[in-house]
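Each remark here refers to the structure printed beneath this line.
The first residue of the sequence shown is numbered 1, and numbering continues consecutively from there. As a basis for the values below, the full set of heavy atoms in this structure was taken, side chains included, without hydrogen atoms, waters or symmetry mates.
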Amino acid sequence: MSWEEIYQLWKNHKSLDTHLSEELNQLSREESEDAFGANLSFGTAGMRGVLGPGTNRMNIYTVRQATEGLAKLIEDAGEDAKKRGVAIAYDSRHFSPEFAMEAAMVLGKHDIKSYVYESLRPTPVLSFAVRHLNTYAGIMITASHNPAEYNGYKVYGEDGGQMPPEAADKLTEYVRAINNPLEVAVGDKTDLLGSGTIEIIGERVDNAYLEEMKAVTVDLDLVQSMKDEVNIVFTPLHGTGLMIGLKALEQIGFDNIQVVKSQADSDGNFPTVKSPNPESADAFVQAEELGRSVDADILLATDPDADRLGAMIRVADGSYQLLSGNQIASIMLDYILNARREKGELPDNGVAVKSIVSTDLADTIIESYGLEMVEVLTGFKFIAEKIKEYEETNEHTFLMGFEESYGYLVQPFVRDKDAIQALVILAELTAFHKKAGRTLGDALEAIYDKHGFFVEKTISVSFPGLSGKEKMASIMSQVRKNTPSQLGGLSIDKAADYLEGTVQYGDGKSAGLDYPSSDALKYTLEDGSWVAFRPSGTEPKIKLYLGVRGDNRETVDQKAEAIEADMRKLTE
């Protein structure tokens with residue numbers, strides 16, 4: 001069918017949602033073509049898109065379509081899977097509660113049990129609920145840190161991690177086989193609640209999560225001795241992190257927590273920020289203002305679904321410095337390893353796990369303790385898979401996992417990024433360094449002095465519109481076929497292609513890669529610096545990554561500038 005025919009199908013639908021019908025009548029021809037000219041992409045990370053009417057938009061019908069696919073997957077798994085059911089949570093975005101209940105009503109039509117949170121909760125709490133309630137799957141309604149006009153739908157497997165590729169691919173086949181989302185049937189909400197097929201959950205599961213959170217703290221005596229001395233500013237950026245974040249901090253003793261009041265209430269418009277993204281200094285403007293007034297040691301921000309955490313730290317002159325995700329991970333890892341060693345709790349088989357586009361500084365840190373760093377593909381589900389593998393084989397003890405995109409996990413009772421865990425461990429390490437008379441800026445510089453200077457950068461190149469995907473595919477194909485000989489004046493020593501599963505070395509030798517297939521390229525340069533090219537799984541962007549190392553900041557910055565210029569040319 002043409003997009004015009006699909007548009008008319010929606011327009012003539014007798015029971016189309018009133019709100020969507022009104023929006024539909026206001027669309028221009030160009031907007032209509034974009035809304036109906038494609039189906040909203042459903043892949044290994046679920047789906048994410050702009051809210052509105054159309055097959056290429058987030059709305060109750062595309063949510064029903066995705067959930068119908070999940071229901072068929074669960075039915076194929078048998079009656080036990082249906083009884084175990086699905087845990088469902090949602091964030092503060094527009095229509096998130098409605099989408100969560102729509103999903104539950106679709107599942108209920110198939111006699112599949114669902115556990116729906118009474119109010120908004122963080123993504124990591126949903127991951128925990130899947131494990132705690134022993135459900136077969138989980139659904140999180142969120143668009144992470146995207147702008148206000150977005151929402152999304154993420155699916156979790158029975159281990160609490162995002163579905164691994166094989167299961168996700170099977171689910172995607174079911175979803176794409178549904179030709180008309182307008183025809184997906186839903187159960188009656190009142191009947192389903194009355195029968196217990198939909199069960200509302202809340203405090204009971206929260207308390208179980210908070211009990212597990214106690215294990216995140218490495219040195220409780222340290223926290224108790226410094227709890228009145230550490231000044232923390234915290235903002236949930238209008239999202240889900242406030243309630244559970246404050247409880248987690250307070251239960252281990254932190255008292256001086258100042259919340260940015262103007263950002264404390266959940267609000268899908270995110271009125272005080274351009275974008276609710278804790279990776280950006282703009283999101284910290286009000287937190288920094290409050291921090292100066294209360295002489296805060298650290299400023300902490302969670303994104304709307306509280307799986308990512310950003311931080312600004314006090315430096316020597318009293319000002320605040322925004323940390324990158326790689327810097328946060330490095331300072332966390334250094335503290336955890338040191339604290340566990342001091343307590344005699346550092347296992348000989350300990351490992352940390354990171355994505356292939358995260359900092360090599362963390363490798364250097366953990367290797368200085370005689371332990372190992374393991375690399376996996378981008379996507380926290382691959383870190384979750386490693387955790388499961390280590391539990392089954394006892395080959396390694398998991399110490400920490402992280403991605404450069406502000407995602408961290410310390411204790412594996414959750415199997416996704418957990419900003420609440422990061423919130424607690426950053427408060428603890430702030431106490432540790434303050435007790436020693438150091439700012440966190442001092443602590444970071446000490447790490448560089450010991451291990452060398454590292455700088456990383458992530459650049460997103462956007463390709464909007466219906467032609468964007470084709471343009472992205474063309475660029476990745478061209479770079480793959482024509483591997484550059486050098487970048488920034490540095491020759492390439494190793495070229496890894498994760499789609500083809502091969503690695504080529506500068507001396508002409510080649511080898512295979514032991515990773516799942518993924519559309520990503522990574523080049524290691526002659527001085528140990530590296531770059532990577534990877535299309536985003538949720539947005540029309542190609543992400544460019546670079547990691548540069550050297551003896552000092554000036555040298556590293558010069559290298560990074562030259563490398564970035566050459567990378568950008570390859571995506572023009």
- Please walk me through it: do I244 and M213 pass side-chain contact (heavy atoms from CB on, under 4.5 Å)? CA-CA 10 Å; I244 206 84; M213 277 295 304; over 6 Å; no
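- Under 3.5 Å, the side chains of D91 and T240 contain no donor-acceptor pair of N or O atoms.
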- Trace of the salt bridge (Lys or Arg N to Asp or Glu O under 4.0 Å) decision for K386 with E372: CA-CA 13 Å; K386 282 295 179 184; E372 182 183 352; over 6 Å; no
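- Atom CD1 of I459 sits about 8.5 Å away from atom OG1 of T571, to the nearest 0.5 Å.
- In this structure, a donor-acceptor pair under 3.5 Å is absent between the side chains of S275 and D282.
- Side-chain contact between F382 and V353 is absent, with no heavy-atom pair separated by less than 4.5 Å.
- Heavy atoms only, all atoms of each residue included: K381 and Q162 are closest at CB-O, 3.3 Å.
- Between the CG atom of L249 and the CG atom of D255 there is a distance of 10.5 Å, given to the nearest 0.5 Å.
- Between L120 and S92, the shortest heavy-atom distance links the atoms CD1-CB, 3.6 Å.
- Here the side chains of L440 and L429 are in contact, with some heavy-atom distance below 4.5 Å.
- A salt bridge links K354 to E375: one of the charged nitrogens lies within less than 4.0 Å of a carboxylate oxygen.
- Looking only at distances, a side-chain donor or acceptor of E403 sits under 3.5 Å from a matching main-chain atom of F380.
- Here the OG atom belonging to S355 is positioned 6.0 Å from the CD atom belonging to E404, to the nearest 0.5 angstrom.
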- Message: If you apply the rule side-chain hydrogen bond (donor to acceptor under 3.5 Å, both in side chains), what do you find for D305 with H145, and how did you get there?
- Response: CA-CA 8 Å; D305 66 322; H145 54 282; over 6 Å; no
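- Looking at M332 and V410, their side chains come closer than 4.5 Å, going by heavy atoms from C-beta outward.
- In this structure, A283 and N277 approach most closely via the heavy-atom pair CB-O, 3.3 Å.
- A donor-acceptor contact shorter than 3.5 Å is absent between the side chain of E149 and the backbone of L51.
- Between Y90 and P97, the closest heavy-atom pair is CE1-CG, 3.6 Å.
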- Message: Let's go through L133 and T135 carefully: what are the C-alpha distance in whole Å and the side-chain angles of both, what is the deciding distance for side-chain contact (heavy atoms from CB on, under 4.5 Å) to 0.1 Å, and is it a yes or a no?
- Response: CA-CA 5 Å; L133 298 171; T135 63; 3.8 Å; yes
- Task: Quick one: do R308 and K417 satisfy side-chain contact (heavy atoms from CB on, under 4.5 Å)? Show the steps, please.
- Result: CA-CA 7 Å; R308 300 170 194 257; K417 304 178 289 289; 4.2 Å; yes
- Message: Would D416 and Y156 count as a side-chain hydrogen bond (donor to acceptor under 3.5 Å, both in side chains) here? Give the steps.
- Response: CA-CA 10 Å; D416 203 353; Y156 287 76; 2.5 Å; yes
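- Side-chain N or O atoms of D297 include one that pairs as donor or acceptor with a backbone N or O of N231 at under 3.5 Å.
- Side-chain contact between S144 and R48: present, with at least one pair of heavy atoms (C-beta onward) separated by less than 4.5 Å.
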- Message: Pair N326, S324 - check side-chain hydrogen bond (donor to acceptor under 3.5 Å, both in side chains), show working.
- Response: CA-CA 5 Å; N326 284 311; S324 70; 4.9 Å; no
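- Of all non-hydrogen atoms in F402 and A329, the two that sit nearest each other are CD1-CB, 3.3 Å.
- A donor-acceptor pair is defined here as one N or O able to donate and one able to accept, closer than 3.5 Å; such a pair exists between the side chain of N552 and the backbone of E554.
- Contacts of Y117 classified as ring-ring contact (aromatic ring centres under 6.0 Å, His included), with partners at least two apart in sequence or in another chain: none.
- When all heavy atoms are compared, the tightest approach of A422 to Y408 is CB-CD1, 3.6 Å.
- Side-chain contact between R340 and L399 is present, with at least one heavy-atom pair separated by less than 4.5 Å.
- The CZ atom of F270 sits 8.0 Å away from the NE2 atom of H238 when rounded to the nearest 0.5 Å.
- Contact check on E564 versus R568 returns a salt bridge, with a Lys/Arg side-chain nitrogen under 4.0 Å from an Asp/Glu carboxylate oxygen.
- A donor atom on one side chain and an acceptor atom on the other are found under 3.5 Å apart for R121 and S119.
- Side-chain atoms of L333 and M373, non-hydrogen and from C-beta on, do get closer than 4.5 Å to each other.
- At a threshold of 4.5 Å between non-hydrogen side-chain atoms, the residues M243 and D206 count as touching.
- Taking CD from Q327 and OH from Y448, the interatomic distance works out to 4.0 Å, rounded to the nearest 0.5 Å.
- S127 places no side-chain N or O within donor-acceptor distance of the main-chain N or O of T123, the cut-off being under 3.5 Å.
- Under the 3.5 Å distance criterion, the side-chain polar atoms of K522 are left unmatched by any main-chain donor or acceptor of V357.
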- Task: Starting from the C-alpha separation in whole Å, work towards a yes-or-no answer on side-chain contact (heavy atoms from CB on, under 4.5 Å) for W530 and L546.
- Result: CA-CA 6 Å; W530 58 269; L546 60 104; 5.8 Å; no
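- By the 4.0 Å N-to-carboxylate-O rule, E211 lies close enough to K214 to be salt-bridged with it.
- Side chain of Q411 to backbone of A215: a donor-acceptor contact under 3.5 angstrom is found.
- A distance of 12.0 Å separates CG of L309 from CD1 of I425, quoted to the nearest 0.5 Å.
- A salt bridge links D295 and R314; the closest N-O separation between the charged side-chain nitrogens and carboxylate oxygens is under 4.0 Å.
- The six-membered or imidazole ring of Y335 lies near that of F432, with a centre-to-centre distance under 6.0 Å.
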- Query: Which is it for R534 and Y545 under the side-chain hydrogen bond (donor to acceptor under 3.5 Å, both in side chains) test, yes or no, and what are the steps along the way?
  - Reply: CA-CA 8 Å; R534 186 182 72 87; Y545 305 85; 3.0 Å; yes
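- Between the side chain of D303 and the backbone N or O of D307, at least one donor-acceptor pair lies under 3.5 Å.
- A salt bridge is defined here as a Lys NZ or Arg NE, NH1 or NH2 lying under 4.0 Å from an Asp or Glu carboxylate O, and E445 with R438 fails to meet this definition.
- Under the 6.0 Å cut-off for aromatic ring centres, F398 and Y390 do not qualify, their centroids lying 6.0 Å or more apart.
- The closest donor-acceptor contact from the side chain of R93 to the backbone of G268 lies at 3.5 Å or more, if one exists at all.
- Remark: side-chain polar atoms of T217 are not paired, donor with acceptor, to backbone N or O of D219 under 3.5 angstrom.
- Looking at V315 and D317, their side chains come closer than 4.5 Å, going by heavy atoms from C-beta outward.
- Heavy atoms of other residues, nucleotides or ligands lying less than 6.0 angstrom from CD of E391 number more than 12.
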